[in-house]
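For reference, the structure discussed in these notes is given below.
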Amino acid sequence: MKRILDIAALGGPAAVVVTLVGWLIAGMLPLPMGPGESTPDVVSFFTEEPNRVMAGFVLSSIGVVLMIPMLVLVSVHLLRMEGRVPLMAFTQLLAAAVTVVINMFPQLIFAIAAFRTDRDPGDIVLLNDLAWLLLFTGITPFMVQNVAIALAILRDKSEVFPRWLAYLNLLVAFAFIPDVLAYFFKSGPFAWNGVFVFWLALTAYCAFLVAMSYACRKANETLMVDRDVVLAKA
Amino acid sequence: MSALMERSDQGAPAGKGSRRTMPGMDGFWVFVAGDLAMFTLMFVTFALARADDPAGFEAARLTLDADRGGINTLVLLTSSACIASALTALRRDAVGQARRWILAGVGGGAVFVVLKSLEYAAGFDAGHAPDTHEFYVYYLTLTGVHLGHVVAGCVLLLGFWVRLGRRPEGGVVGFETAAVFWHLVDFLWLLIFPLLYLAR
Amino acid sequence: MLTERPTWMTWGLLAAASIVTTWILSADSVDRRWALVAIFVVAAWKVRLVMTDFIELRRAPLLGRLAFEGWAVLVPLTLVVLLWQ
């Protein structure tokens with residue numbers, strides 16, 4: 001059983017790798033398009049090689065769901081900490097489900113923007129705005145998730161997860177706050193492609209997924225001990 | 001690294017000499033390091049933007065009230081010293097004294113929040129909105145995020161003031177962590193202030 | 001330094017340094033670059049003082065001290081370089 005749990009724990013880093021490779025193929029990385037880009041430039045991004053763009057974003061949408069097993073595993077461990085009143089475990093699980101949707105739909109909207117090359121340019125700009133702003137400003141479910149994990153760890157005495165992980169989660173929640181500024185800037189560090197939105201959120205989120213993966217694999221080791229104790233008692 | 005992660009409530013010496021762990025709760029230094037990384041990012045982007053348009057940034061800087069900023073520096077430093085005194089008192093089990101120091105420290109935080117709010121109000125009255133110059137974007141973001149830290153710190157410290165009133169016993173590690181956060185808020189201002197208000 | 005400074009003596013040093021930077025070094029009569037360096041040297045010293053005395057980093061493990069006190073030196077240095085012009 002530990003084997004499958006350890007594989008589930010790799011879901012986070014796998015999601016990071018696959019999603020970022022998808023973005024590279026689509027052309028969203030290395031340097032993403034900003035909100036100040038002209039309409040013809042946005043149109044040509046999606047219509048010049050629509051198949052490459054669609055393939056990239058479809059790959060990203062597949063990458064996103066890879067994190068699901070790991071997010072469930074996080075709640076399994078939170079459940080061990082909380083016992084019979086698993087408020088944070090369920091809060092995390094529900095918030096995580098919402099974050100997967102928020103992460104996934106913009107990838108599909110990007111792909112939809114490339115679906116018809118004869119689309120009205122204004123519509124392509126709209127779809128581009130929609131995908132970007134949904135992806136980067138829908139931050140509250142992510143923050144709820146981070147805070148739920150942090151609270152569970154800080155209230156826990158059993159040390160299933162290390163305490164630094166709680167602070168890391170609070171920090172990741174902090175790092176998402178400037179994202180709402182993306183509505184007010186068309187260029188500069190607070191625009192959606194700026195340091196404080198795209199790069200900070202991406203770094204923080206990748207750090208979250210990798211750290212949770214590491215902590216889950218460590219916690220998997222103690223899960224077996226728990227189970228042996230229960231079996232021995234029975 | 002594992003030495004840093006050890007629980008600090010076990011045998012953390014109250015006296016002199018070196019201790020095995022970082023101050024505050026186990027792992028809290030991760031939060032401090034990340035918070036510092038984010039502020040560093042803001043400082044550096046501000047300095048880079050300023051280098052692009054020195055004249056415009058300088059003109060905007062002159063609209064700030066450095067006197068009020070200087071007073072706020074002294075207020076925060078005093079508040080930090082109060083919280084350090086509270087920790088010393090708590091280690092001596094002088095809970096009543098510690099609570100008075102905490103209240104004084106929070107009072108300093110409250111003064112800072114009031115002065116900052118007045119500063120924002122005066123700034124908006126004078127028409128210094130973010131859309132008039134890039135400087136005000138950085139000014140509002142840096143001071144705004146910092147002000148958020150001040151408010152969070154006040155709430156945290158007040159929580160300890162209440163808890164120590166109800167349950168005077170218990171360890172000092174929790175309060176030590178809150179104190180570390182409060183000093184962090186203090187020393188961040190020690191860099192924000194010269195960067196925004198003083199550097200010509 | 002083995003002896004610990006009393007809290008309010010640290011406060012006195014910090015307050016005095018703040019008064020000097022805010023109301024003397026920032027005066028227009030002081031050369032711009034000279035003032036820039038002086039202001040950030042004092043700021044670095046103050047940040048480090050808060051770390052060692054208030055946060056009690058003086059008694060922390062060496063690796064932690066190096067990381068945080070190193071930050072206190074490197075960030076003001078970087079800012080001086082970027083604002084030098």
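To find a chain, count down the sequence lines: A is the first, B the second, and so on, and within it residues start at 1.
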Choice from B:Leu87, B:Leu191, B:Thr78, B:Leu188 maximising heavy atom contacts with chain C below 4.5 Å: B:Thr78
Which atoms of C:Ala35 approach chain B - backbone, side chain, both or neither, heavy atom under 4.5 Å: side chain
Pair C:Trp71, B:Thr40: side-chain N/O donor-acceptor within cut-off below 3.5 Å: yes
Spacing of CG belonging to C:Leu25 relative to CZ belonging to B:Arg200, to within rounding of 0.5 Å: 9.5 Å
Interatomic spacing from CZ in B:Phe187 to CG in C:Leu14 - rounded to 0.5 Å: 12.5 Å
Part of B:Ile83 within contact of chain C (heavy atom distance under 4.5 Å): neither
4.5 Å side-chain heavy-atom contact, C:Thr21 and B:Pro194: no
Taking every non-hydrogen atom, the tightest pair across C:Ile55 and B:Leu184: CD1-N, 4.3 Å
Atom pair CE (C:Met51) and NE2 (B:His183), whose distance is rounded to the nearest 0.5 Å: 12.0 Å
Heavy-atom closest contact (B:Leu190 atom, C:Ala43 atom, distance): O-CB, 3.8 Å
Chain B contact via C:Val47 - side chain, backbone, both or neither, heavy atoms under 4.5 Å: both
C:Arg59 side-chain N/O to B:Thr21 backbone N/O, donor-acceptor pair under 3.5 Å: no
For chain C, the option from B:Gly69, B:Ser85, B:Ala66 that forms the most heavy-atom pairs under 4.5 Å: B:Ser85
Minimum-distance pair of heavy atoms, taken over all atoms of B:Ala84 and C:Phe54: CB-CD2, 4.0 Å
Non-hydrogen atoms of B:Met22 and C:Leu57 that approach each other most closely: CE-CD1, 3.9 Å
Top contributor to chain B contacts, counting heavy-atom pairs under 4.5 Å, from C:Lys46, C:Arg65, C:Arg48: C:Lys46
Salt-bridge contact B:Arg91-C:Glu56 (side-chain N to carboxylate O under 4.0 Å): yes
B:Ala51, part contacting chain C, at a heavy-atom distance under 4.5 Å: both
For chain C, the option from B:Asp186, B:Leu74, B:Thr88, B:Thr73 that forms the most heavy-atom pairs under 4.5 Å: B:Leu74
B:Phe193 portion near chain C, given a 4.5 angstrom heavy-atom threshold: side chain
Heavy-atom proximity to chain B below 4.5 Å, by part of C:Trp23: side chain
Spacing of C:Ser18 atom OG and B:Trp189 atom CH2 [to the nearest 0.5 Å]: 11.5 Å
Heavy-atom proximity to chain B below 4.5 Å, by part of C:Ala27: backbone
B:Ala199 versus C:Phe40, closest heavy-atom pair with distance: CB-CE1, 4.1 Å
Side chain to side chain contact (heavy atoms under 4.5 Å, CB included) between B:Cys82 and C:Trp11, worked out: CA-CA 10 Å; B:Cys82 291; C:Trp11 171 84; over 6 Å; no
CZ/C:Arg32: more than 12 non-hydrogen atoms of other groups inside 6.0 Å: yes
Over all atoms of both residues, closest heavy-atom pair of C:Phe68 and B:Trp29: CZ-O, 3.9 Å
Interatomic distance, B:Phe57 atom CZ to C:Leu83 atom CG [nearest 0.5 angstrom]: 10.5 Å
Engaged part of C:Val37 at the chain B interface, taking heavy atoms whose separation is under 4.5 Å: neither
Any C:Leu79 side-chain heavy atom under 4.5 Å of B:Phe46 side chain: no
